[in-house]
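Working notes for the structure below.
Chain letters run A, B, ... following the sequence lines, proteins first, then strands; residues in each count from 1. Heavy-atom basis, side chains included; hydrogens, waters and symmetry copies ignored.
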Amino acid sequence: MPAAAHRCDPPGAARGVSPVHHKSVLLDALARVSAEVAAVRSRTAKTELLAGLFRQAEPAEAPLVVSYLAGRLPQRRTGVGWRTLQDPPAPAAVPSLTVPDVDAALTALAAVGGQGAQAERKRLVDALLARATEREQRFLLRLIGGELRQGALDALAVEGVAAATSADPDEVRRAVMLGGSPGAVARELLAHGPAALAAFRLRVGRPVLPMLAQTAKDVDEALDRLGPCAVEEKLDGVRVQVHRDGADVTVHTRTLDDITARLPEVTAAAAALPVSSVVLDGEVIALDADGRPHPFQEVAGRVGSRSGTGLPLSPVFFDVLAVDGRELLGLTTAERHAELARIVPEPLRVRRLAVPDPADPAARAAAREFAAEVLRRGHEGVVVKALDAPYTAGRRGASWLKAKPVHTLDLVVLAAEWGHGRRTGRLSNLHLGARRPDGTFAMLGKTFKGLTDAVLEWQTRRLRELAVSDDGWVVRVRPELVVEIAYDGLQRSSRYPAGVALRFARVVRYREDKRPEEADTVDAALASAGWGSPPPHPLP
DNA sequence: TTCCGACAGTGGGGTCGCAAT
DNA sequence: ATTGCGACCCCACTATCGGAA
């Protein structure tokens, strides 16, 4: 057994004293460590603080400790959010709660349903909070509310586990990506030392964190960054990972939620493939009779519905991670695609153009034309993938680059909201309006993205000069500032007056050279995003 | 010494299920 | 029936740390 394993033994074990009662980790210890982690800026220091607590945990409790310090609850839904957490009870004077106590309370909370559920949840969560000291309450409120804000989440928790057990951080990270939860890896590491990592490999039926793409400005930039590559269509739907082992099929989302029961079309498609076992990566979308994609909103609505019926969905696959007992993660993109093409019929695969020599002008032109055709067919854009790259589960690697068209509009700031966290005291979230013919403005959405600290500072000062009201949350201003906004498209909206809202709006720059009368109109916004008048999809 | 990969934070719109009103 | 909350689908961008170059 490696020397590191001794660190996991309870005090006294090394002297031959048998630990009759091991003591559970106290919530107080977690709350203290969390506050210390939040108080230091260095990631090495945060990691060391986390590791210090993991060393004290019993293997059986490690999953809870790691989960809490990564800001996640093992019970994914508790039914308790920020609203229910308002007006907490008076704190306890003395710490008494253990980590298993908290877990038991949250499990009870998650089980509440039916008539009177909201009052019962409030009663249960207040009962838990009443047993917590002030420091523990601060921790629990942020943990349950989903906003730990200690500058460390999953990644640093995993680093901490590695440090606590003297394991190679890269191998621990790999085990977490392939083996599921950080908690399970932490438990095995604490119990058996680094040798336990070898057992965490891809297993059909257990989802792995999907590989993600970075962003490129356009196809040309992607080709320049990648070299030999393939250009694939990017479909605007819901990411799915499909596992089939014999007759058993499961379907998981990007965050590894099990949605098998909602997607019978996908399980049927997987069951029909000529394999005994397989793990596929893909997207579900919905196509109309002409083969054009339905808007994302409709796909998300169908996927979110528990019934498993409604708008028919089509799975489209772009990668294969395992087939018939062989793990393929280490193979190159080109090799994995060859396997995919062998086992998945063409209509169930994304369209793709291989570009082995992006330096060749003809090949570049073909790649650009492929991307243009994808857009003409109504899809979102392209993902460009390096041909020689392995599948790096859970990473947003530089070997996959997505490129989507970006629209811009010059809009008028109608109001701004006070920021939170590091933006406290700054006006952050902008309300954006497009001009109407009568000189009034129609709000098309909000954004807080794209702002540097300097711009944040400037806009706070400038908007306060223009303020006409401030209710402590929203500051309304005279509509005089023009700001250039980038966005990915428009979506139907029942919230905003024009019946549409901006998707993924972000600030490009302020246009102090423009007066509000020169801002873009609602009609210009509809036209620029390809929404004729009337809009292509009926409004609610 | 500078550069760059990885992370965390800061929130956006929409939709569903469920419970309360 | 309508409304509000919680959860989760899609997501962009900046600041920062610390190892790579």
Distance-only donor-acceptor check, side chains A/Glu159 and A/Thr47, under 3.5 Å = no
Exercise: identify the closest heavy-atom pair between A/Trp418 and A/Thr460 = CZ3-CG2, 4.4 Å
Closer than 4.0 Å, any side-chain N/O of [X] to the OP1 or OP2 of [N]?
{"X": "A/Arg77", "N": "C/dA7", "answer": "no"}
{"X": "A/Arg306", "N": "B/dC16", "answer": "no"}
{"X": "A/Trp82", "N": "C/dG6", "answer": "yes"}
{"X": "A/Ser493", "N": "B/dG14", "answer": "yes"}
{"X": "A/Thr44", "N": "C/dG18", "answer": "yes"}
{"X": "A/Thr84", "N": "C/dG6", "answer": "yes"}
{"X": "A/Thr78", "N": "C/dA7", "answer": "yes"}
{"X": "A/Thr253", "N": "C/dC9", "answer": "yes"}
{"X": "A/Arg503", "N": "B/dG12", "answer": "no"}
{"X": "A/Ser428", "N": "B/dG11", "answer": "yes"}
{"X": "A/Arg149", "N": "B/dT10", "answer": "yes"}
{"X": "A/Arg76", "N": "C/dC8", "answer": "yes"}
{"X": "A/Lys46", "N": "B/dA8", "answer": "no"}
{"X": "A/Arg422", "N": "C/dA15", "answer": "no"}

Carboxylate-amine/guanidinium contact A/Asp281 A/Arg239, below 4.0 Å = yes
Measure from CZ on A/Arg43 to P on B/dC4 and round the result to the nearest Å.
-> 17 Å
Rounded off to whole Å, could you give me the CD-to-P distance for the A/Glu298 and C/dC10 pair?
-> 17 Å
Axial cation check for A/Phe448 ring with A/Arg506, 6.0 Å and 45° limits | no
Return the 5'-most residue of the pair A/Asp257, A/Thr215 with respect to DNA chain C, ranking by each residue's nearest nucleotide.
-> A/Asp257
Assert: residue with more 5' nearest nucleotide on DNA chain C, out of A/Phe296 and A/Arg506, is A/Phe296
Looking across every strand, which nucleic acid part, if any, lies under 4.0 Å from A/Ser305 by heavy atom: base, sugar-phosphate, or nothing?
-> sugar-phosphate
Nucleotide of B/dA19, B/dG9, B/dG13 approaching A/Leu153 most closely (side-chain heavy atoms) = B/dG9
Checking C/dC8, B/dC16, C/dC11 against the side chain of A/Lys449 (C-beta onward), the nearest is C/dC11
As its Watson-Crick or G-U partner within any shown strand, both distances under 3.5 Å, C/dC8 has B/dG14
Greater than 12 external heavy atoms within 6.0 Å of A/Arg352's CZ = yes
